[in-house]
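We number each residue from 1, following the sequence as shown. FYI, side chains are in, hydrogens and waters are out, and symmetry mates aren't considered; it's all heavy atoms of this structure.
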Amino acid sequence: MHRRIIAPGALAAASVLLAIPASAASASPGAPGIGDPYYPAYGNGGYDVSHYDLRLKYQPATDELEGTATILAKTTQDLSRFDLDFLLDVSEVRVNGAVAAFTTSGEHELEITPKTPLAKGATVTVVVRYSGVPSSKQAYGFTSWHRTADGGVGANEPEAAWWWFPSNDHPLDKATYDVSVLVPDGSQAISNGTLQSTSSRLGWTRYNWRSDKPQATYLATLAVGRFDVTTGTTESGIPVVNAYSKDLGDNAGAARASIERTGEIADWLSGYFGPYPFDALGGYVPNTNTGYALETQTRPFYSPRQFANGSNVSVVVHELAHQWYGDYVSVAGWKDIWLNEGFARYAQWLWSEHEGEGTAQELADYVYASHPADDAFWTVKPGDPGAANQFDIAVYDRGALAVQALRKEIGDDAFFAVLKGWPKKHAYGNASVADLQKYAEQISGKELGALFDTWLFQPAKPAAPAARTASIAKVSSAPAQPKSWKKIAATNDVHEH
């Protein structure tokens, strides 16, 4: 028998190893990106957020923001370190009550190292205390914080959160929100969801907003300024809160004439897409100099420029359609943007039918004929346009052509069943273009691979035979411009993020 002699030092080392939990020994840093090829550094790996509690104080005169973010999450791996996406100045981080080390890296990464590693499947509470001037911060050469004469606004796509709260900034990680904002008396804070309460003390007023359904980070919004606020209820019983900057000038009337129809339009859209999926509704127009609108959940953001030429109900239709296609069901990856924009644009075509200003088919014929085969319009693939072309007009108009092609291929009964059933199937979750194709094939009983490939993934104008099959290029002469076209085209800068 051979006896192995173990030195005392080795024995002590072995004892220490035995004392370390297996999870700690195997812990590794979470990825600094969630894995989206369009935006490799966006989002983070290693955890999933369930709730954000944001307690903020904002001074409109100086654009100074102070905040405490409490983030509830669950780990998806053994974590030695993890990232949040954030730009403001952090003073303290705690993980499960214990002070954690932190540093910054890259353009927008906040790296957090907890005092002890986190085991896979653990519930985690992260508290981040921070402050800063959002308008002074840039990443990748741009800002998503819009300074206004009376305050500031956080709204942009695909990123806006970094300027006002730390987050896992990708649509794959949706969460619920409580947003509590302290502002000087005379200013208001507008956010998503329902206004739970307000309270005033010593010259400051606190607004407490709640979003109780899963919400992507880019769909969270904050606007502080001086607003005229209107309230109401849709016929279906959803409370509506709209807010208009008090200094919209000549655009004020047109903005109100458009956005005050929000309840009517949401009820109308529910006939196509199913019951409205949230418990709050509305829109807001701060006095920003941007041109775009954005489907911020339950309360879309509209720039004043959308109403420079008069009322623009079509843009309200577009942003409200996103409440189903984009918010209720969000993209699995940013390459799936057609699921948002193609269907929101198509909703505008359906509204045109509703208003008797041109059918979806007439609009499709017009779009198809308006772009010759050598037009760069056809080189953008709506099903995977690339990050540089994510908001190209082709994603909208060629995207809507694809929706119309699907309608003609499977017939109205199946098509409208898909339109309504798809959001319900992926309620409050995420999905891809491939998922939609599979669902449409299931509902219609047809093989749709060739159609999806032709209209979404080929960098060329579909040939006339293929177009005729979809009843899109059946006319030999150039079709007349539908009456609604100018109204729809006026919303083209909706995508200029």
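Minimum heavy-atom separation, L79 to A27: C-CB, 3.8 Å. Residues V331 and P171 approach most closely at O-CB, 3.8 Å, considering heavy atoms. Closest non-hydrogen pair, A243 versus V229, comes out as CB-CG2, 4.2 Å. Across all their heavy atoms, Y140 and A41 have their closest contact at OH-CB, 3.7 Å. Looking at every heavy atom in both residues, L269 comes nearest to A321 through CD1-N, 3.6 Å. The two residues P29 and Q77 come nearest to each other via the heavy atoms O-NE2, 3.5 Å.
For H354, the side-chain hydrogen bond (donor to acceptor under 3.5 Å, both in side chains) partners at least two apart in sequence or on another chain are W268. Y302 is linked by a ring pair (Phe, Tyr, Trp, His ring centres under 6.0 Å) to nothing, counting only residues two or more places apart in sequence or in another chain.
Side-chain polar atoms of S105 and E111 form a donor-acceptor pair below 3.5 angstrom. Looking only at atom types and distance, the side chain of E260 has no donor-acceptor partner in the side chain of S258 under 3.5 Å away. S197 and N208 share a donor-acceptor pair across their side chains, judged by distance under 3.5 Å alone. There is no side-chain donor-acceptor pair under 3.5 Å between N430 and S330. Judged purely by distance below 3.5 Å, without hydrogens or angles, the side chains of N492 and R345 pair a donor atom with an acceptor atom. Remark: the S245 side chain and the D247 side chain contain an N/O donor-acceptor pair separated by less than 3.5 Å. For the residue pair D36/H170, the side-chain donor-acceptor check at 3.5 Å is satisfied.
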Show the numbers, then the answer: is there a side chain to side chain contact (heavy atoms under 4.5 Å, CB included) between D384 and Y38? CA-CA 10 Å; D384 189 359; Y38 280 20; 2.4 Å; yes
For side chain to side chain contact (heavy atoms under 4.5 Å, CB included), just list the numbers for L222 and F165, CA-CA rounded to whole Å, side-chain angles, deciding distance to a tenth of an Å, and then say yes or no. CA-CA 10 Å; L222 173 64; F165 70 99; over 6 Å; no
Check the pair D267, S236 against side chain to side chain donor-acceptor pair (under 3.5 Å), reporting the backbone distance first and the verdict last. CA-CA 7 Å; D267 281 342; S236 58; 2.7 Å; yes
Between F273 and F343, does a ring-ring contact (aromatic ring centres under 6.0 Å, His included) hold up when you go through it step by step? CA-CA 11 Å; F273 298 155; F343 284 84; 7.9 Å; no
CA sep, side-chain torsions, deciding dist, call: D169, T217, side chain to side chain donor-acceptor pair (under 3.5 Å): CA-CA 6 Å; D169 191 28; T217 43; 2.5 Å; yes
Using the side chain to side chain donor-acceptor pair (under 3.5 Å) rule, take T221 and Y284 through it: C-alpha gap first, then chi angles, then the decisive distance, then the call. CA-CA 10 Å; T221 192; Y284 75 96; 2.6 Å; yes
Show your reasoning for whether salt bridge (Lys or Arg N to Asp or Glu O under 4.0 Å) applies to R256 and D228. CA-CA 10 Å; R256 287 174 181 263; D228 285 326; 3.2 Å; yes
For the pair T288 and T148, evaluate side chain to side chain donor-acceptor pair (under 3.5 Å) and give the outcome as yes or no after the intermediate values. CA-CA 6 Å; T288 64; T148 62; over 6 Å; no
Output, in order, the C-alpha distance, side-chain angles, deciding distance and verdict of side chain to side chain contact (heavy atoms under 4.5 Å, CB included) for V329 and W324. CA-CA 6 Å; V329 182; W324 287 265; over 6 Å; no
Walk me through it: do I488 and W349 pass the test side chain to side chain contact (heavy atoms under 4.5 Å, CB included)? CA-CA 8 Å; I488 294 170; W349 292 10; 3.9 Å; yes
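Counting only distance, with no hydrogens or angles, the side chain of Q323 and the backbone of Y276 share no donor-acceptor pair below 3.5 Å. Under the 3.5 Å distance criterion, the side-chain polar atoms of Y42 are left unmatched by any main-chain donor or acceptor of G35. Looking at T176, its side chain does come within 3.5 Å of a backbone N or O of S50 through a donor-acceptor pair. Listed for the D85 side chain is no donor-acceptor partner under 3.5 Å among the backbone atoms of N168. Although no hydrogens or angles enter the test, the distance criterion places no donor-acceptor pair under 3.5 Å between the side chain of R55 and the main chain of V179. Y346 contributes no side-chain N or O that, together with a main-chain N or O of Y396, makes up a donor-acceptor pair within less than 3.5 Å. Within the 3.5 Å criterion, the main-chain N or O of G33 finds no donor-acceptor partner in the side chain of Y39. At distances below 3.5 Å, not a single donor-acceptor pair connects side-chain atoms of K335 with backbone N or O atoms of G386. For Q215 (side chain) and G193 (main-chain N/O), no donor-acceptor pair under 3.5 Å exists by modelled atom type. A donor-acceptor pair under 3.5 Å is absent between the side-chain atoms of R299 and the main chain of N242, judged by distance alone.
Here the side chains of E159 and F142 are in contact, with some heavy-atom distance below 4.5 Å. Between V316 and T262 there is a side-chain heavy-atom pair separated by less than 4.5 Å. The shortest distance between side-chain heavy atoms of W163 and V133 does not fall below 4.5 Å. Under the 4.5 Å side-chain criterion, counting only non-hydrogen atoms from C-beta, F86 is not in contact with S167. E341 has its side chain within reach of H318: a pair of non-hydrogen atoms, C-beta onward, lies under 4.5 Å apart. Side-chain contact between T491 and Q348: present, with at least one pair of heavy atoms (C-beta onward) separated by less than 4.5 Å. For the pair D279 and I238, the minimum side-chain heavy-atom distance is 4.5 Å or more. At least one side-chain heavy atom of Y52 sits less than 4.5 Å from a side-chain heavy atom of V49.
Rounded to the nearest 0.5 angstrom, S270 OG and L320 CG are separated by 11.0 Å. To the nearest 0.5 Å, atoms NE2 (H51) and OG1 (T125) are separated by 11.0 Å. From N251, atom CG reaches atom OG of S311 across 11.5 Å, with rounding to the nearest 0.5 Å. Taken to the nearest 0.5 Å, the NE2 atom of H146 stands 12.0 Å off from the OG atom of S135. Separation of atoms OG1 (T230) and CD1 (I259) is listed at 9.0 Å; rounding is to 0.5 Å. Atom-to-atom distance recorded for L88:CG and E64:CD is 11.5 Å, nearest 0.5 angstrom.
Sparse packing is recorded around CZ of R129, with 12 or fewer heavy atoms of other residues, nucleotides or ligands lying under 6.0 Å away.
We find that K74 and D48 are not joined by a salt bridge, their nearest charged nitrogen and carboxylate oxygen being 4.0 Å or further apart. Ionic pairing of K246 and D150 is not present here: no N-O contact between side-chain nitrogen and carboxylate oxygen is shorter than 4.0 angstrom. Using a 4.0 Å cut-off between charged nitrogen and carboxylate oxygen, K137 and D63 do not count as a salt-bridge pair.
Applying the ring pair (Phe, Tyr, Trp, His ring centres under 6.0 Å) definition to pairs two or more places apart or across chains, those involving residues 199-245 are Y218-W334.
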